[in-house]
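All remarks here apply to the structure that follows.
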Amino acid sequence: MGDDFIIKDGFRMYHGKKVPGFPGHPHRGFETITVVRHGLVDHADSLGAAGRYGNGDVQWMTAGKGVQHSEMFPLMSQSEENPLELFQVWLNLPKKDKMVEPHFKMLWREDIPNLKFDKDKVLVELIAGSWGEQQAVLPPPDSWAFPKENEVLVVNIKMEPHSTISLPKSSVGVNRSLFFYEGDALTINEQSFESYSGFFLDPSMETKLTSHDKPASLFLLQGKPIDEQVMQYGPFVMNTKEEIKQAFDDYHETQFGGWPWERYDQVHARSKKRFAKHADGTEEIKEV
């Protein structure tokens, strides 16, 4: 049903034939930040790394010079539905870092700072960056988000009805986007909007958010522009057409290390709990 190189039926997408998800596919030149709100994701990649994460966990993967990975959605229950909801953010790498070594890091839900405001009626999940004196878990070392001066901020905000929060200010020229994805209405300063709306905000100005009669959920992205030419085709994000062509040539020649797993739609055993096995053999296991 299509892949990331060919537009078929008006879209690019991978599909698992037995289990839903995205079977093995390549990336180069950028990062993926996968924020799983509900459900689980099984990871496997061409470096031999693997993992299972979800229900509030975040995986941050630096594709760098090239990696294949799969993202499958395991059917843990055989008698009930297996819902999944996630955001995946593509964060560009500057030219000087596009060919760094691939790397992935887990931000487990237990380690993500949860900040409370307005008498505990507002919850801010601090995925990347800083909010006041609070700091998120450090991103991978080659990420555009790693230097503090790039002012990258990724947060998920959950507001109870009739609650308010003011966003922290950032420097002039920093990009800030806000996505209102759950709720009935939201007031930004003096203007009200319906749900499923997106906004570009000036982070140097005071911004006050107020929920209405239902709980509201918002996703905020912010960062200093890299300010370089972007050339993107399918799963590759580079600076020039020549670099895109080279990415295709390299992938066809090397498969970015090949695929060490039995299946391209690799799914881990139902008995597995949340875990991460890194390319260096280090393993993290979560009991719940």
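If you're wondering where the values come from, they're calculated on a predicted model, not measured in any experiment. All values below come from the heavy atoms of this structure, side chains included, with hydrogens, waters and symmetry mates left out. The chain is numbered in sequence order, starting from 1.
At a threshold of 4.0 Å, the pair E228-K95 does not count as salt-bridged, since none of the basic side-chain nitrogens sits closer than that to a carboxylate oxygen. Between K224 and E149 no salt bridge is recorded (no basic side-chain N to carboxylate O distance below 4.0 Å). A salt bridge links E110 with R274; the closest basic N to acidic carboxylate O contact falls under 4.0 Å. With respect to D250 and R28, a salt bridge is recorded, a charged nitrogen being found less than 4.0 Å from a carboxylate O.
Taken to the nearest 0.5 Å, the CE atom of M99 stands 7.5 Å off from the NZ atom of K65. Between the CE atom of M205 and the CG atom of N189 there is a distance of 7.0 Å, given to the nearest 0.5 Å. How far CG of L93 is from OG of S143: 7.0 Å, rounded to the nearest 0.5 Å. The line from CG of L91 to OG1 of T32 is 9.5 Å long, rounded to the nearest 0.5 Å. Atom CZ of F180 sits about 10.0 Å away from atom CG of L209, to the nearest 0.5 Å. N114 CG to I112 CD1: the interatomic distance, rounded to the nearest 0.5 Å, is 7.5 Å.
In this structure, S211 and A216 approach most closely via the heavy-atom pair CB-CB, 4.1 Å. Minimum heavy-atom separation, S46 to G258: CB-O, 2.9 Å. G29 and A63 get closest at one heavy-atom pair: N-CB, 4.5 Å. Of all the heavy atoms in V137 and D111, the pair that sits closest is CG2-O, 3.4 Å. Minimum heavy-atom separation, E80 to N82: O-ND2, 3.3 Å. Residues P26 and P235 share a closest heavy-atom pair of O-CB, 2.8 Å.
In the hydrophobic cluster analysis, where Ile, Leu, Val, Met, Phe, Trp and Tyr join through side-chain heavy atoms closer than 4.5 angstrom, L153 is grouped together with V124. L123 and V155 fall into different hydrophobic clusters, where Ile, Leu, Val, Met, Phe, Trp and Tyr residues are linked whenever their side-chain heavy atoms come under 4.5 Å apart, directly or through other members.
Taking the side chain as every heavy atom from C-beta outward, I244 and Q246 never approach each other to under 4.5 Å. Counting only heavy atoms from C-beta outward, the side chains of T62 and V67 never approach each other to under 4.5 Å. With contacts defined as side-chain heavy-atom distances shorter than 4.5 Å, the pair H103/H278 does not qualify. Side-chain atoms of L218 and L186, non-hydrogen and from C-beta on, do get closer than 4.5 Å to each other. With contacts defined as side-chain heavy-atom distances shorter than 4.5 Å, the pair M231/T240 does not qualify. Counting only heavy atoms from C-beta outward, the side chains of D249 and Y251 never approach each other to under 4.5 Å. Residues L84 and V41 form a side-chain contact, since some pair of their non-hydrogen atoms from C-beta on lies under 4.5 Å apart. At a threshold of 4.5 Å between non-hydrogen side-chain atoms, the residues V237 and K98 count as touching.
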Task: Pair D57-L40, side chain to side chain contact (heavy atoms under 4.5 Å, CB included): steps then yes or no - done: CA-CA 9 Å; D57 297 327; L40 293 168; 5.8 Å; no

- [ ] List the steps, then state whether salt bridge (charged side-chain N to carboxylate O under 4.0 Å, His left out) holds for K18 with D265.
- [x] CA-CA 8 Å; K18 187 173 182 181; D265 57 351; over 6 Å; no

- [ ] Report the C-alpha distance between E151 and S171 in whole Å, list the side-chain angles of each, state the deciding distance to 0.1 Å, and finish with yes or no for side chain to side chain donor-acceptor pair (under 3.5 Å).
- [x] CA-CA 8 Å; E151 297 187 58; S171 303; 2.5 Å; yes

- [ ] Go through the steps for K214 and E182 under the test salt bridge (charged side-chain N to carboxylate O under 4.0 Å, His left out), then give the verdict.
- [x] CA-CA 9 Å; K214 293 183 179 179; E182 279 182 345; over 6 Å; no

- [ ] Before giving the answer on side chain to side chain contact (heavy atoms under 4.5 Å, CB included), spell out for F248 and Y233 the whole-Å C-alpha distance, their side-chain angles and the decisive distance to 0.1 Å.
- [x] CA-CA 10 Å; F248 275 98; Y233 189 90; 3.5 Å; yes

TODO: Before giving the answer on side chain to side chain contact (heavy atoms under 4.5 Å, CB included), spell out for L107 and I127 the whole-Å C-alpha distance, their side-chain angles and the decisive distance to 0.1 Å.
DONE: CA-CA 8 Å; L107 310 183; I127 297 165; 4.2 Å; yes

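Between T164 and T210, the side chains place no donor N or O within less than 3.5 Å of an acceptor N or O (distance only, hydrogens not considered). Residues Q266 and H43 have side chains that never bring a donor and an acceptor to within less than 3.5 angstrom of each other. Side-chain contact of W144 with E31: a donor-acceptor pair under 3.5 Å is absent, judged by distance alone. Counting only N and O atoms by type, the side chains of T187 and H212 include a donor and acceptor under 3.5 Å apart. Between the side chains of Q59 and E71, no donor N or O sits under 3.5 Å from an acceptor N or O. Between the side chains of Q222 and S170, a donor-acceptor pair is found at a separation under 3.5 Å. For the 3.5 Å distance criterion, the side chains of H69 and H25 qualify, holding a donor opposite an acceptor.
A donor-acceptor pair under 3.5 Å is absent between the side-chain atoms of D42 and the main chain of P74, judged by distance alone. Listed for the K105 side chain is no donor-acceptor partner under 3.5 Å among the backbone atoms of P141. In terms of modelled atom types and a separation under 3.5 Å, the side chain of H268 and the main chain of G51 share a donor-acceptor contact. Of the possible donor and acceptor atoms, none in the side chain of S204 sits under 3.5 Å from a partner among the backbone N and O of V172. Panel note: side chain Q88, backbone V35; no donor-acceptor pair is recorded below 3.5 Å. Of the possible donor and acceptor atoms, one in the side chain of R270 sits under 3.5 Å from a partner among the backbone N and O of L75. Side chain of R109 to main chain of N55: a donor-acceptor pair is present (N/O by atom type, distance under 3.5 Å, no hydrogens or angles). In this structure, S70 contributes its side chain and P23 its backbone to no donor-acceptor pair below 3.5 Å. Distance alone, capped at 3.5 Å, is enough to place a donor-acceptor pair between the W261 side chain and the D45 backbone.
Atom CD of E194 sits in a sparse spot, with 12 or fewer heavy atoms from other residues, nucleotides or ligands closer than 6.0 Å. By the neighbour-count criterion of 12 heavy atoms within 6.0 Å, atom NZ of K121 is densely surrounded, having more than that number from other residues, nucleotides or ligands. The environment of D280 atom CG is dense: over 12 non-hydrogen atoms of other residues, nucleotides or ligands sit within 6.0 angstrom. By the 6.0 Å contact criterion, CD on E262 is open, its count of non-hydrogen atoms from other residues, nucleotides or ligands being 12 or less. Sparse packing is recorded around NZ of K277, with 12 or fewer heavy atoms of other residues, nucleotides or ligands lying under 6.0 Å away. Applying the 6.0 Å contact sphere to CE of M76 captures more than 12 heavy atoms from other residues, nucleotides or ligands.
Checking F179, F199, Y181, F87 one by one against F219, the ring pair (Phe, Tyr, Trp, His ring centres under 6.0 Å) holds for a single residue, F87. Exactly one of F256, W90, F236 qualifies for a ring pair (Phe, Tyr, Trp, His ring centres under 6.0 Å) with H27. That residue is W90.
Between Y264 and W259, the ring center distance clears the sub-6.0 Å criterion.
Between F117 and W131, the ring-plane angle classifies as tilted under the 30° and 60° cut-offs.
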